[in-house]
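Below: one structure, written as structure tokens.
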Amino acid sequence: MLGNFSYCNPTKLYFGKKSLNYLNDELSKYGKNVVLIYGGGSIKKNGIYDAVTALLKENNKNVAEISGVMPNPTVAKLHEGIQIARAHKADLLLAVGGGSVCDYAKAVSVSVHCEEEPWEKYFVRFEEPSCEIIPVGCVLTMVGTGSEMNAGSVITNTETHQKIAHVFADEKIMPRFTILNPEYTFTLPKYQMVSGIYDIFNHICEQYFSDEDDNTSDYISEGLMRSVIHSSRIAVQNPLDYEARSNLMWTATWALNTLIDKGKHTDWMVHMLGQAVGGYTDATHGMTLSAVSLPYYRHILPYAIPKFKRFAVNVWNINAEGKAAEQVAQEGLSAMEDWMREIGVVLHLTELGVTEDMLEGIADVTLILKGGYHVPNRAEIIEILRESL
């Protein structure tokens, strides 16, 4: 294990078919004023809204609502939420939805008592909050982002075509609690389900493809990836398979709750590329990642052949006997591509509306990070994007 690190994750998880019952225990810990945050209204169709609001009423909470949080929450929507939470004197922000709703709630939580412009402070200058933070709780209805157990928030600026993530340093910004009922994910359209599945897988890859030491985090990552692959194949054939969907939900949480990045550098360039694409197209997050992943990994493979060989053998069961290391590494990525086709994720940016004339602009808003095996320059970014078309 490399370096020195500290680890703290204060989010309390309640998992299973009856997990919403524990919301009663949590609500008693907070003040009277609750802001309920949700997306486009699906929770009103599937009964989750009624169940949550009934518990809020039983606990005598004074409730305001922020509805219509979009899959890629915008700066304008953030300002709307800040005003609602301020006017309500919120004691708790309760996010009911997928990762975008959880992300959004965290952005509101650090902004309500801050007088500065939140986009500039948190997503341009990447500063930490110096004001009071409103606690966040989550009831998860879509898996993939891991936002239910981390301090990350992603906001999109539609004027500048920037989609930027800020992983805050203070664990107080992590949700204080999260309700995880796998049955709440059953009504998701297949496209959203497989998008979330690939998001889980790529979160693990971003932390796995860095460093060469014998790292415990990598062994955990390989197990998590194998679990995603196995459960995804079952879920795609039968979306109502509780065991598969519950394993995906649990894996998604552990893929990005900061455990598997300990003792490691991390890459995150696939996310930088995908988020830049999302800023231009408003495409579904997981699909922007799947479209750029293989060209990116094939681009950096020559700089990390031993790790990609390990990935091929330990995750994809590639037989390495009598083969050159690079051949084994390439076969691993081919196996990954076969799986991606099998579950039905997007493999080309053109499917998301990207055209050749957008590539320069997308490259301009792609943040270049230095944690991976190779730091790409702007020309390489454009080359990878072109290969992703």
Side-chain angles (χ1 to χ4, degrees), residues 1 143-144 146 193-237 243-244 247-257 259-271 274 286 289-347 371-374:
M1 297 282 285
V143 303
M193 180 185 74
V194 298
S195 175
I197 288 169
Y198 190 76
D199 196 13
I200 302 166
F201 191 82
N202 189 250
H203 285 158
I204 306 168
C205 289
E206 298 278 36
Q207 298 162 93
Y208 181 77
F209 287 120
S210 62
D211 298 324
E212 297 291 354
D213 69 318
D214 187 27
N215 193 299
T216 299
S217 297
D218 286 339
Y219 291 101
I220 298 171
S221 295
E222 288 163 357
L224 292 173
M225 285 190 277
R226 291 176 71 94
S227 179
V228 172
I229 295 162
H230 174 77
S231 295
S232 69
R233 286 173 165 150
I234 298 170
V236 166
Q237 295 302 316
E243 185 174 10
N247 282 325
L248 288 167
M249 176 172 263
W250 193 235
T251 304
T253 300
W254 286 94
L256 202 60
N257 67 0
L259 175 69
I260 62 171
D261 73 358
K262 297 310 169 194
K264 290 180 64 67
H265 301 99
T266 52
D267 190 336
W268 296 108
M269 276 308 304
V270 169
H271 268 67
L289 303 179
S290 63
V292 301
S293 286
L294 289 167
Y296 176 74
Y297 289 134
R298 287 178 171 135
H299 187 83
I300 68 167
L301 183 146
Y303 304 93
I305 290 173
K307 191 56 166 289
F308 279 94
K309 177 184 176 182
R310 173 176 171 168
F311 175 67
V313 173
N314 291 358
V315 177
W316 298 104
N317 299 318
I318 301 298
N319 183 359
E321 186 176 353
K323 300 175 184 175
E326 184 170 0
Q327 179 185 347
V328 177
Q330 293 285 4
E331 288 182 17
L333 289 183
S334 294
M336 177 176 163
E337 181 174 359
D338 290 343
W339 167 70
M340 293 168 71
R341 292 185 187 279
E342 179 184 347
I343 65 172
V345 296
V346 168
L347 290 174
Y373 292 113
H374 174 68

[Y] side chain reached by [X] side chain, heavy atoms, under 4.5 Å:
X    : Y    : result
M193 : L248 : no
N202 : C205 : yes
V346 : Y198 : no
L301 : E326 : yes
D213 : K264 : no
R310 : D218 : yes
M336 : F201 : yes
L333 : R298 : yes

What is the distance from atom [atom1] of [X] to atom [atom2] of [Y], rounded to the nearest 0.5 Å?
X    : Y    : atom1 : atom2 : answer
I229 : L224 : CD1   : CG    : 11.0 Å
Q330 : F308 : CD    : CZ    : 9.0 Å
H271 : L289 : NE2   : CG    : 4.5 Å
T266 : E206 : OG1   : CD    : 8.0 Å
L294 : S334 : CG    : OG    : 8.5 Å
H265 : N215 : NE2   : CG    : 11.0 Å

Any donor-acceptor pair under 3.5 Å linking the side chain of [X] with the backbone of [Y]?
X    : Y    : answer
N247 : E243 : yes
K307 : S210 : yes
Q207 : H203 : yes

Pairing of R226 and E222 as salt bridge, 4.0 angstrom limit: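 Salt bridge absent between R226 and E222.
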Are side-chain N/O atoms of D214 and Y219 paired as donor and acceptor at under 3.5 Å?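 Yes, side-chain donor-acceptor contact under 3.5 Å.
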Once you measure the plane-to-plane angle for W254 and W250, does it fall in the parallel (<30°), tilted (30-60°) or perpendicular (>60°) bin?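 It falls in the perpendicular class, over 60°.
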Please verify the inter-ring angle class for F311 with Y208; under 30° counts as parallel, over 60° as perpendicular, anything in between as tilted.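 Rings of F311 and Y208: tilted, as their planes differ by 30° to 60°.
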Carefully, step by step, assess Y373 and D267 under the rule side chain to side chain donor-acceptor pair (under 3.5 Å). CA-CA 8 Å; Y373 292 113; D267 190 336; over 6 Å; no
